[in-house]
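All values below come from the heavy atoms of this structure, side chains included, with hydrogens, waters and symmetry mates left out. In what follows, every chain begins at residue 1, and chains take the letters A, B, ... in the order their sequences are listed.
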Protein chains: 2
Amino acid sequence: MNAPLRMPLGPAAPGLRADMKGQCSDCNTGGLCLATGLDSVSKMRFDRLVGQHRRIAGGDMLYRTGQPLHSLYTVRCGFFKTRRRGPAGDQITSFPMTGELLGLEAVGTGIHQSDAVALEDSIVCELPFAALELLFEDIPGLHRRFYRMMSYEINRQQHLMILLGNMRAEQRMATFLIDMGAAYASRGYSPVRFQLRMSREDIGSYLGLTIESISRLLARFTKLGLITVNKRAIVLNDPQRIAEMASGFSPCSPMV
Amino acid sequence: MNAPLRMPLGPAAPGLRADMKGQCSDCNTGGLCLATGLDSVSKMRFDRLVGQHRRIAGGDMLYRTGQPLHSLYTVRCGFFKTRRRGPAGDQITSFPMTGELLGLEAVGTGIHQSDAVALEDSIVCELPFAALELLFEDIPGLHRRFYRMMSYEINRQQHLMILLGNMRAEQRMATFLIDMGAAYASRGYSPVRFQLRMSREDIGSYLGLTIESISRLLARFTKLGLITVNKRAIVLNDPQRIAEMASGFSPCSPMV
DNA sequence: CGTGCGCTTGATAGAAATCAATGTCAGTGG
DNA sequence: CCACTGACATTGATTTCTATCAAGCGCACG
């Protein structure tokens, strides 16, 4: 069952490339970046805004709770987790990947309300927020795009609230797997074969479960033939049934 | 223990006043509304935007999942719940009260992703969204204020995610009571004596618990002398200890 | 070769859900 | 006026899902 898998595992960890001042024009984040859809003149201006392409080593923090907001960041390549600290423990609130915008929680107060941690060596585009706000005045459609992204974020979080508030462990895991697949799919990778970038503990914190439960759930899904797991490499063998579990069909047996 | 309480219970249900085209200038929503802080000229323009003050009867829906976004709404007086429908059941995502902005989840897609239900007879200011977007171009600071409110909403939801993902039932209830008190306090009412507007079932859906658990928790808090409950009237007798429970101190005994 | 971290697996405990009555109260109609 | 109804709420008994406690595995690394 745990025979060695040979599979394409989604985007490779970035080789920490040297072009630290690349342009948006040669960026492959697809339709996800804030700058997408701008005309070429606006895109040049936006290019000038992007202060730097910062490299973040895996395990390092991009920003942390309590820091003043200097910049928002778009993930150019790599993988992050955002973590909100609470009285009863931490909650992972998202696993941002290529193209996603980081730091929106700080826009209201000017102070970061969570940590952003790189899960692997990553590169981000730094968007100095003060300059971005000025650019809103100049580039038509940019601030519309901005608040739409915030609305998407609100929806993403509500999706997670339903998961945390209403779903059984099995359904949470099924939802997580399907969502991860979809995230890879929207970036041109396989929705059924991918490499998890986060630890079991991170998954647990994200899904409101313990690490032991995560382990048992993956074991059970494997036993049912739904998935194949090798360390952090995942294959969804029966994505349809997993999706049904996520949707609340398929009786959702207990956790043994 | 259940002696009849005589107390001021927060804002009275509105008398469904006749002034359906009141100005922002005579609005008492305090510093919470989108129009707050505008200069008088801008405020007049904003006034003209506000299409109507719609009355919503208790139990009626302001909008529902799947409807196209026509307008955002500010609660002028009254009380709402927003409900997100999910495969495993519904989740109450907020209890908007005076001054709060409704409909932000629809900005990204143009389609409402949740229901807004009035918990009592209420009045809202209708902000036609297309017109609002045009106004962003004209009124300096308005769109900044707008996306800041979205960021606050993101933070509010993250707070709730921590509650749903990490807290025990007792801690959730304590947090809920403190949060409700704070919401009333920020509107000039007592933070320790208030009238809940929502059913036990709504509270349960909001906190990710069953209605029975809510009932037992309130009974237990009462037995401990922390609160006094009479139907939906609540008095926090020991707000400090309740706050400690919310913060994770105070050992959080089981639910019996 | 030990040491530590991430992960798995098993046994047990416990918090909250579920199932099942019962109670309260407002509204309605006989 | 009182019985009936239905929504909302409380309370008790029991079940069950998941956490917790505990042990061990496998692999990378010093």
Distance-only criterion, 3.5 Å: show the donor-acceptor pairs between side-chain atoms of residues 84-92 of chain A and protein atoms not counting sequence neighbours.
residue: R84(A); atom: NH1; partner: N155(B); partner atom: OD1; Å: 2.7
residue: R84(A); atom: NH1; partner: Q158(B); partner atom: OE1; Å: 2.7
residue: R85(A); atom: NE; partner: D115(A); partner atom: OD2; Å: 3.2
residue: R85(A); atom: NH1; partner: D90(A); partner atom: OD1; Å: 3.3
residue: R85(A); atom: NH1; partner: D90(A); partner atom: OD2; Å: 2.7
residue: Q91(A); atom: OE1; partner: N166(B); partner atom: ND2; Å: 3.0
residue: Q91(A); atom: NE2; partner: S205(A); partner atom: O; Å: 3.2
residue: Q91(A); atom: NE2; partner: Y206(A); partner atom: O; Å: 3.3

Ring pair (Phe, Tyr, Trp, His ring centres under 6.0 Å) partners of Y152(A), counting only residues at least two apart
none
Y63(B) meets the ring pair (Phe, Tyr, Trp, His ring centres under 6.0 Å) criterion, sequence neighbours left out, with H112(B)
With sequence neighbours excluded, tell me which residues meet side chain to side chain donor-acceptor pair (under 3.5 Å) with [X].
| X | answer |
| --- | --- |
| N237(A) | T228(A) |
| S215(A) | none |
| T93(B) | T82(B) |
| H159(A) | D179(A) |

Would you say F80(B) and I56(B) make side-chain contact, with heavy atoms under 4.5 Å?
yes
Report the distance from atom [atom1] of [X] to atom [atom2] of [N], rounded to the nearest whole Å.
| X | N | atom1 | atom2 | value |
| --- | --- | --- | --- | --- |
| L209(A) | dT20(D) | CG | P | 11 Å |
| R220(B) | dG12(D) | CZ | C1' | 15 Å |
| I203(B) | dC8(D) | CD1 | P | 13 Å |
| L217(B) | dA17(C) | CG | C1' | 13 Å |
| N230(A) | dC25(D) | CG | P | 19 Å |
| K223(B) | dT10(D) | NZ | C1' | 11 Å |

Contact class for G208(B) (heavy atom, under 4.0 Å): base, sugar-phosphate, or nothing?
sugar-phosphate
Kindly compute the distance separating CG (L207(B)) from CG (L164(B)), expressed to the nearest 0.5 Å.
7.5 Å
For nucleotides 4-9 of chain C, 5' to 3', base contacts (B), sugar-phosphate-only contacts (S) and non-contacts (-) with protein non-hydrogen atoms under 4.0 Å give --SSBB
Does OP1 or OP2 of dT20(D) have a side-chain N or O of R168(B) closer than 4.0 Å?
yes
DNA chain C contacts made by residues 83-94 of chain A, counting heavy atoms under 4.0 Å
none
